[in-house]
Amino acid sequence: MPSFAPLLLASALLPMAAPAQEAPLTTVAERSGFVQTGRYDEVIALCAQFAQRYPDAVRCIEFGTTPEGRPMKALVATRSGAFTPEQARAKGFPVLLVQGGIHAGEPDGKDAGFLALREALEGEAAAGALDRQVLLFVPVFNVDGHERFGRWNRPNQRGPEEMGWRTTAQNLNLNRDYVKADAPEMQAMLALVNAWDPIVYVDLHVTDGAKFRQDVSYQIEPVHAGDTQLRADGLALRGAIVDAVAARGAHPLTFYPSFVEEDNPASGFVDGVAPPRFSHGYFQLRNRFGMLVETHSWKEYPVRVKITRDTIVALLEQTAAHGSDWLADARAADARAAKLGGTAVPLDWKATGKVRTVDFLGYAYTRTPSDISGALMTRYDEATPQLWKLPLRDEIVPGRSIVAPKAGYLVPAAHAAWVGAKLAQHGIEFRRLDAALPAAEVEAFRAAEATFDARSVEGHQRLDVTGSWKPESRDVAAGALFVPIAQAK
Ligand SMILES: [Zn+2]
C-alpha cells in the first residue's frame, strides 16, 4: 500500500478535528512533531498570545533591540501578582530566568520553554509553582542569529531541519560576552538582570561532540566555586534536577562531556569552573545561581526538547519549594562579599591531579586512520551500546588568588568614561571624585612581564601580566573613579 493512503484515511475519519495550525499557543515545532522550529515572528506572536490568553498570569515585555532592529522579547509569568521587578522584590518572590537561543542554532530552549510554560499555566505541570515565583522566559537571546536560518548551521545536530546561527549579526558569541559585554544584546540582558535580579539564571544549549548515550549535562555554580552556603544550595539544586529528569528516562551528567584529548573517549574528562565570560561562570560572582544545560546534539530533536521541557518543569518546582531560602542565603552571601577587603580572593579555579573512574554510557567504537586525511578518526557503532569506564578529574581548588584591597580601587580619570560605563552595566557601585587627591598614598600594580596572546578574541587582545602591588604616592586627578570593595559585587 502506498504510504500516503493511511494519512488520507485518518483525515477523512476526523472531519471535526481543528487544523493543527489553529491549536492555541502551540509552536511550529510541536505541530510538526518536533521536525521543524519556527522563525522569530512566532516568538513575537506567542509572547502576545500568551499574555492575551492568561491576563492574570503573563505579561509580554520587550527588553532591547538587536543591531538589526529586531525586538528582544521576554515573557513574565507568575500567579503571584508580581509583574514588575519592584513588586517581585517587595513581595519577596524568587525570580527564575530561563533563557533559550543564546546560540541560536540550538533552539531546544525556545520550543521546550513555550511547551513547559503552557503546561504550567494550564496546571498540567509544576502545579502551583507559579504562585510562588516569577518566571522570566527569554525564548531567543541571539535574535539576529536566529534569523540567519539554514539547513546546515549545525551539521552534527539531529534536528530541527533548519535552525539559526551561533553568533550575532556582529559575529559576537554571546556566551563569551558576559563580562566584556560588547554586544548590545548582552547590555540589554544585563539591564534585565540588574532590574529583576534572578536568583537562578538558566542558559539552555545543545552540545557538540562525540556520540554516546548520555543525553544532557548540568553545570551549576556555586558548586565548586563561590559562596560556601550557596555551594550547598547549588549542589542540592543540581541533584534535584538530575533526579527529576532521570526519573523520566534521561541520562544526565554533572560535567561537560568534552574529552581531554579531542575525539578520544579513553582520555576522559576534567571538570572545572567556567570563567565569567560564560553565563554559568558569571552569575556565581553575583552570588546567584548560573546553570548551563546542554542536551546532546546527536539525540533527535523530539528527545532533546522533552528533556529540556522536563528540566524547566523541575526548575519551576525547585524554585517554588526552595526559592525563598535561596534568596535569604544569597542576601547573606552578599553581606559576606561586602567584607572581602584585605582577604584572599580566588581569581580562577583548577582541577587537581586526583582521578576517579566513572561509568559513562557509550557505544562500541574504533579508532583508525581516516581515508581522506590520514588522521586518527573515531567511528561509533550506535547499534552496540557499551559501558565506558573513564577517568574524571573533578576535585576543584582555587588557582590564582589575590588579596582584595581594604578600601577599594581607583580608576584614573583618563579611563573613567569607559570603565564607568562597564561597571554600571554590571551593577557595580562606584563614585566619581569631585576633587583631586594630591600625593595620595595608594598601591599601584606594576607589571614586570606582559605577554600578549598571538590571537585576538572578538576584537580584544588577551594579556598575561606578572607583577605586584607596591605602595606609591600618586596625584589622583578629579574625575577618577573610586570603586569600594564593601559591596556585594
Ligand atoms: Zn551553545
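Just so you know, ligand 1 is whichever comes first in the structure, and atom 1 is the first atom listed for that ligand.
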Self-check item: Short side-chain donor-acceptor distance under 3.5 Å, Asp108 and His205
Solution: no
Quiz item: Quick one: does Arg151's side chain have a donor or acceptor within less than 3.5 Å of a partner on Glu161's backbone?
Solution: no
Quiz item: Between Phe137 and Phe114, does a ring-ring contact (aromatic ring centres under 6.0 Å, His included) hold up when you go through it step by step?
Solution: CA-CA 9 Å; Phe137 173 42; Phe114 277 122; 5.2 Å; yes
Self-check item: Side-chain H-bond candidate by donor/acceptor type, Ser80 with Arg132, under 3.5 Å
Solution: no
Self-check item: Total protein N/O/S atoms whose distance from the Zn ion (ligand 1) is less than 2.8 Å
Solution: 4
Quiz item: Run the ring-ring contact (aromatic ring centres under 6.0 Å, His included) check on Phe259 and Phe269 step by step: do they pass?
Solution: CA-CA 5 Å; Phe259 303 128; Phe269 309 101; 5.5 Å; yes
Quiz prompt | Residues which pass side-chain contact (heavy atoms from CB on, under 4.5 Å) with Ala74, listed by chain and number, not counting sequence neighbours | solution = Ile61, Phe63, Val138
